[in-house]
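The structure under discussion appears below in the form of structure tokens.
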Amino acid sequence: MNIIVMGGGLVGVATAWYLLEGGHSVTLLDRAPELASEASHANGAMLHASHTEPWNTPQALGQLLRWMGREDSPLLLRPAQLPRLMGWGLGFLRYSRPHHHARNTAVNARLATYSLQRMRELEAETAIDYTQAHNGILKIFRHPEEMETARASSRLMADSGVRHETLSPAGISQREPALADIQAELAGGFFYPDDASGDARLFCQRLGEKAVERGLTLRLGESVQRLHVKAGRLRAIDTDQTTLEADAFVLATGAEAPYLARQAGLRLPIKPVKGYSATLPVGGLEAAPRLPIIDDGRKIVITRLGDQLRMAGTAEFTGYDRRIRPQRVEHVLEQGLANFPALARQVDTRQADQWACLRPMTIDGPPILGPSGIDGLYLNTGAGHLGWTFAAGTGRVVADMIDQRTPDIDVSGLTLERYQ
């Protein structure tokens, strides 16, 4: 088949890779001049099955109300967005009920575990260097009640094969000496030995290069303008340069997916949620951490990428505003470096590379994969903060669906049918 993949981030490139493996003729489109230019560019750099809880936790309503309008809050709802979020927001809160949240955490954990297996296979097959490390991930807590809530989620995820080890504050310092200075502040933590880390942008671009060697046609700097649906089938798309026909299309444009889907008469329950990151040079600094760390209370992730340290976090409901707000980046740096007082004295935060992106968040948490209900149009979108973790798995699953093969994992809770 001749297949067009719309979206040049991790999810789109991984989908194109697996479709090429299936013997298809594949074209990948993206509006940016290079791959991984948007949400895949400077994310948290973690490949984790350990952090798959949807953001709409049972505590979400209280947090949103408490933090509304506060620039220093990890979960920020800008009041101007309230009218645009009413319907979706009520659903977001509905799915925050404990039984919904537990079910969707299990769905995400199942997909993440599968995806990390596929990622290891891709790494072995392609020999791509993306500053990867397979050293596990450490999650830390300052309050016992937060740790107990996370313990319940870890037990739930363990049913999907996500192994974890409980650590005392002293055990955390032993595992990661860079945290020794704050040991007295910690209640404990968990270590997830099967998680990994790496530069998502490097991986995406290098996998794209190898895909081109296998026959992928890249059309970069070209924006999709319109979807042509006739008699219930997507037959062609207009770009800002031409009209393209194909036998099948994959919508993997992240936060833009709802806009394009609406042109085909399809409403996707996805909203953009802005996240920020800051990347600091730390080469030669002994106080810098070696392990990837999730600071659960501050909603910050910290990842070592060679001689750099990436700090990322926050969830900001601000519509399609892509502006980098310096105050929010400063907050990420402040919260991340609070874990490493010695390092904070050594680094110059003015050297940090700043980044912001829009992550596509579904109303319930898991991504939306597979048939759209419109012949010829398939979906691979809505991964939220887990696009890097899910990319290989969702790419394989959607390629299997297009080839009418039964995916290797149970896809219940992952398709559009769950909303019907």
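When each of Q351, Q308, R310 is tested with T279 by the rule side-chain hydrogen bond (donor to acceptor under 3.5 Å, both in side chains), just one qualifies, namely R310. Of the candidates L35, V212, L216, I128, I128 is the only one forming a side chain to side chain contact (heavy atoms under 4.5 Å, CB included) with L207.
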(message) Could you walk me through whether R322 and E256 satisfy the salt bridge (Lys or Arg N to Asp or Glu O under 4.0 Å) test, starting with their C-alpha distance in whole Å, then the side-chain angles of each, then the deciding distance to 0.1 Å, before giving a yes or no?
(response) CA-CA 12 Å; R322 291 179 168 82; E256 302 292 336; 2.4 Å; yes
(request) Starting from the C-alpha separation in whole Å, work towards a yes-or-no answer on ring-ring contact (aromatic ring centres under 6.0 Å, His included) for W55 and F92. (result) CA-CA 9 Å; W55 280 340; F92 181 80; 8.6 Å; no
(request) Walk me through it: do T131 and D199 pass the test side-chain hydrogen bond (donor to acceptor under 3.5 Å, both in side chains)? (result) CA-CA 6 Å; T131 324; D199 190 317; 5.0 Å; no
(request) Please assess R110 against D410 for the test side chain to side chain contact (heavy atoms under 4.5 Å, CB included), listing each intermediate value before the final yes or no. (result) CA-CA 8 Å; R110 181 203 323 147; D410 177 10; 4.0 Å; yes
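Counting all heavy atoms, side chain and backbone alike, G387 lies closest to V11 at O-CG2, 4.2 Å. Taking all atoms of both residues into account, the shortest heavy-atom contact from S153 to E53 is CB-OE2, 3.6 Å. Considering all non-hydrogen atoms of both residues, H101 and N56 come closest at CD2-O, 3.2 Å. Between F340 and I293, the shortest heavy-atom contact is CZ-CD1, 3.7 Å. Taking all atoms of both residues into account, the shortest heavy-atom contact from P281 to L285 is O-CD1, 4.4 Å.
The backbone N or O of G44 lies less than 3.5 Å from a partner atom in the side chain of T303, making a donor-acceptor pair. A distance-only check finds no donor-acceptor pair linking the side chain of D238 to the backbone of V224 [under 3.5 Å]. Between the side chain of T318 and the backbone N or O of D321, no donor-acceptor pair lies under 3.5 Å. S173 contributes no side-chain N or O that, together with a main-chain N or O of P177, makes up a donor-acceptor pair within less than 3.5 Å. Side-chain N or O atoms of Q263 include one that pairs as donor or acceptor with a backbone N or O of Q225 at under 3.5 Å. Between the R304 side chain and the R290 main chain, no donor and acceptor come within less than 3.5 Å of each other. A donor-acceptor contact shorter than 3.5 Å links the side chain of S115 to the backbone of T389. The closest donor-acceptor contact from the side chain of K139 to the backbone of F191 lies at 3.5 Å or more, if one exists at all. In terms of modelled atom types and a separation under 3.5 Å, the side chain of S96 and the main chain of L93 share a donor-acceptor contact.
Heavy atoms of other residues, nucleotides or ligands lying less than 6.0 angstrom from CZ of R226 number 12 at most.
A salt bridge is defined here as a Lys NZ or Arg NE, NH1 or NH2 lying under 4.0 Å from an Asp or Glu carboxylate O, and E209 with R206 fails to meet this definition. Salt-bridge formation is not detected for the pair D159/R155: no Lys NZ or Arg NE/NH1/NH2 atom is positioned less than 4.0 Å from an Asp or Glu carboxylate oxygen. E123 has no carboxylate O lying under 4.0 Å from a charged side-chain N of R120, or vice versa, which leaves the two without a salt bridge.
Judged by a 6.0 Å distance limit and a 45° cone about the ring axis, R325 is not positioned over the six-membered ring of Y276.
Counting only N and O atoms by type, the side chains of H134 and D194 include no donor and acceptor under 3.5 Å apart. Using modelled atom types and a 3.5 Å distance limit, the side chains of D240 and S223 yield no donor-acceptor pair. Residues H100 and R97 have side chains that never bring a donor and an acceptor to within less than 3.5 angstrom of each other.
Using cut-offs of 30° and 60° on the angle between ring planes, the pair H164 and F190 is perpendicular.
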